Amino acid sequence: MKTVEDLERIRKQAKVMTKLREGGETTKVVVGMGTCGIAAGARETLSAIMDELARRNIQDVIVTQTGCIGLCEQEPIITVERPGEGKVSYGKVSGERARKIVASHVINGQVVGEWVIPAS
Amino acid sequence: MQFYRSHVLICAGTPCILKGCGAVRDAFITELKNQGLEEEVRVVETGCLGPCDLGPVIVIYPEGTLYEKVKISDVPKIVDEHLLKGRIVRDLISEGSIPGIIPYKEPVYFGIQERIVLRNCGIIDPSSIEEYIARDGYQALAKCLTEMKPSEVIEIVKQSGLVGRGGAAFPTGLKWSFTANTKDDQKYMICNADEGEPGTFKDRLILEGDPHSIIEAMTIAGYAVGATRGFVYIRGEYGLSIDRINQGIQQAESMGLLGDNIFGSGFSFKLEVKKGAGAYVCGEETALIESMEGNRGEPRVKPPYPGTHGFLGKPTVVNNVETLANVPQIILNGADWYRGYGTPKCPGTKVFTMTGDINNKGLIEVPMGITLREIIYEIGGGIPEGREFKMAQTGGTSGGCLSGEMLDVPMDYFTLPEKGSALGSGALLIMDDSHCIVDIAESFMRFFVRESCGKCAPCRVGTVRLHEIVKKVACGDGTYEDLEILEDLGRTMRETSLCGLGQSAPVPIMTMLRYFKDEFMAHIEEKRCPSETCKL
């Protein structure tokens with residue numbers, strides 16, 4: 001390292017390693033991992049989301065899980081929440097659908113209407 | 001770079017290591033493999049989180065869930081429930097929260113803390129220089145070397161009001177200016193990590209949890225005073241601290257943050273570790289320097305002070321670990337920011353290690369000027385088993401004792417001495433009413449008899465005599481005259497001893513005599529121990 005710019009470059013690269021521990025505003029993807037979710041294939045959905053984010057080198061998205069929310073027939077369910085926007089829940093999210101939701105909604109902000117669970 | 005959705009931070013400070021965090025870490029790694037989560041969840045060993053009594057402690061992110069007293073048998077449940085299914089294991093979570101960690105529940109204890117010194121402890125992986133850099137590490141050094149003159153660095157430290165945290169409370173900026181103003185071909189920067197006060201372990205946990213903050217601060221200090229070589233004098237028992245600092249030095253060197261021509265500024269700084277052999281007196285800066293030179297660890301006659309005649313006779317700055325850990329933050333945020341913490345006369349925070357009869361033992365960082373009552377009853381969770389508070393000993397053995405009537409006195413380096421006590425290095429030993437004051441005094445004096453280096457007569461002879469007299473009182477053979485001799489001898493030692501050891505050795509007895517004289521009198525006149533605990 002020879003200059004302050006070099007330090008700044010390393011700082012930016014390293015920031016993603018600790019960002020998870022600092023909270024703050026960022027996009028959140030929540031996967032339903034209750035027994036119903038896992039039985040419906042949520043494990044595969046979660047892996048697909050992780051893989052898709054890694055493939056696109058996206059580091060500032062929080063992926064977390066939750067339990068059963070009472071819509072077992074819609075599992076696997078994922079909820080996407082971008083900063084300043086409302087929560088959007090998707091139903092029957094296969095690995096394939098999950099990848100598409102990551103590309104369209106998580107990264108580009110375009111809600112994939114056809115899979116959204118309508119608010120009753 | 002691998003993307004992980006969750007981080008499991010396992011506290012790997014010495015207290016948690018002793019409680020078996022290594023086995024817990026291995027259990028996590030095995031269990032994550034069993035569940036096929038090793039690509040999704042990262043296990044990180046970090047520095048001390050504070051609640052040492054509750055170890056092994058782990059934190060799981062992004063939720064910031066704090067689990068305490070984690071056993072190997074708990075690990076499969078945490079992995080299966082929390083990390084796989086996202087359900088917090090409620091019967092294992094901690095009631096408390098720690099600043100800098102997103103709380104799961106409303107904070108119960110550790111609530112009124114401020115973390116400047118410990119800002120990275122328990123949050124970063126101390127063996128990773130990248131994680132330190134991610135939390136603005138080495139930015140202060142870059143600022144100093146590229147934007148500031150050495151005199152400006154000293155000025156900002158002076159303005160901040162930072163005073164030495166080893167116990168003596170000497171203004172840090174002033175100390176630096178003595179060395180900076182002395183012309184010489186070679187100057188030295190020493191970090192005093194010979195933490196010897198019984199009950200104090202803050203410096204160890206800072207070194208273990210955030211070693212790069214000390215490396216960065218020492219380089220800044222070296223630049224400010226014109227020193228090109230630095231030494232971290234660590235007591236030999238602190239194996240993990242030594243390893244972490246050595247590893248940190250190697251990392252900093254390989255990145256060009258230590259060595260020649262740092263940031264192309266023309267400033268060069270080399271750092272190495274010196275191991276101490278465990279003598280209590282070597283925490284005194286001139287004895288420390290003697291020990292570094294290969295001599296017996298005995299204090300020098302002052303003046304001249306190390307600032308002008310230190311290591312190998314050259315101008316030398318000696319700073320405590322905690323003092324240094326404040327420096328990068330002061331440089332980055334400014335003196336006014338720092339003065340926003342603590343009291344006007346004594347800004348900043350103080351790190352304490354709480355031990356003894358208190359519910360929440362461990363490492364805390366609080367603003368200067370906090371009261372003992374707040375520490376014990378709000379952060380410390382009170383005295384166990386519903387007993388009464390009797391006294392607190394600050395700063396290990398050489399600090400003063402604080403009785404119940406001092407519970408509401410602001411704790412800082414200037415108010416406590418006015419009350420005849422001292423803040424000291426940061427040990428906080430809490431005792432309840434089941435302890436006998438005379439018995440405690442006897443054990444403290446026994447310590448000083450053993451640790452006096454023997455160079456000057458007031459300390460060599462004084463400590464032995466003080467111990468004999470206190471023992472006599474403890475055995476029920478004391479007289480009223482003995483107490484007068486204690487006071488007289490104590491005063492003589494304070495005024496005539498060569499170094500801080502002899503000067504402060506009588507302080508615990510003198511303060512105990514002031515606040516608990518009736519207990520001494522009961523031992524003498526009634527041959528009775530009011531707390532009914534000693535052998536009488």
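If you're wondering where the values come from, they're calculated on a predicted model, not measured in any experiment. Order of the sequence lines fixes the chain letters, A, B, ..., with proteins taken first and strands second; residue numbering starts at 1 for each chain.
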Closest contact, heavy atoms only, Leu7(A) versus Phe263(B): CD2-CZ, 3.9 Å
Chain A interface, residue from Arg87(B), His82(B), Glu131(B) that has the most non-hydrogen pairs under 4.5 Å: Glu131(B)
Partner chain A: residue of Glu39(B), His7(B), Glu130(B), Lys143(B) with the largest heavy-atom pair count (under 4.5 Å): His7(B)
Audit row: Arg5(B), Thr64(A), side-chain contact (heavy atoms from CB on, under 4.5 Å) steps and yes/no: CA-CA 7 Å; Arg5(B) 66 176 165 84; Thr64(A) 166; over 6 Å; no
side-chain contact (heavy atoms from CB on, under 4.5 Å) between Ile10(A) and Met255(B), worked out: CA-CA 10 Å; Ile10(A) 295 172; Met255(B) 279 201 172; 4.2 Å; yes
Greatest number of heavy atom pairs closer than 4.5 Å to chain A - which of Leu9(B), Thr146(B), Ile124(B), Ile129(B): Leu9(B)
Best-contacting candidate, Ile262(B), Leu83(B), Asn261(B), against chain A by heavy atom pairs under 4.5 angstrom: Leu83(B)
Heavy-atom side-chain proximity of Arg43(A) to Leu37(B) below 4.5 angstrom: yes
Among the listed options Val4(A), Ile49(A), Val61(A), the residue most often paired with chain B at heavy-atom distances under 4.5 Å: Val4(A)
Considering all heavy atoms, the nearest Gln139(B)-Arg11(A) contact: NE2-CD, 3.1 Å
Closest non-hydrogen atom pair, Leu84(B) against Gln65(A): O-NE2, 3.2 Å
Which portion of Tyr132(B) sits near chain A, non-hydrogen atoms under 4.5 angstrom: neither
Glu152(B), CD atom: more than 12 neighbouring heavy atoms under 6.0 Å: yes
Interface moiety of Glu147(B) toward chain A, non-hydrogen atoms closer than 4.5 Å: neither
Any side-chain heavy-atom pair of Glu40(B) and Leu46(A) under 4.5 Å: yes
More than 12 heavy atoms of other groups within 6.0 Å of Lys15(A) NZ: yes
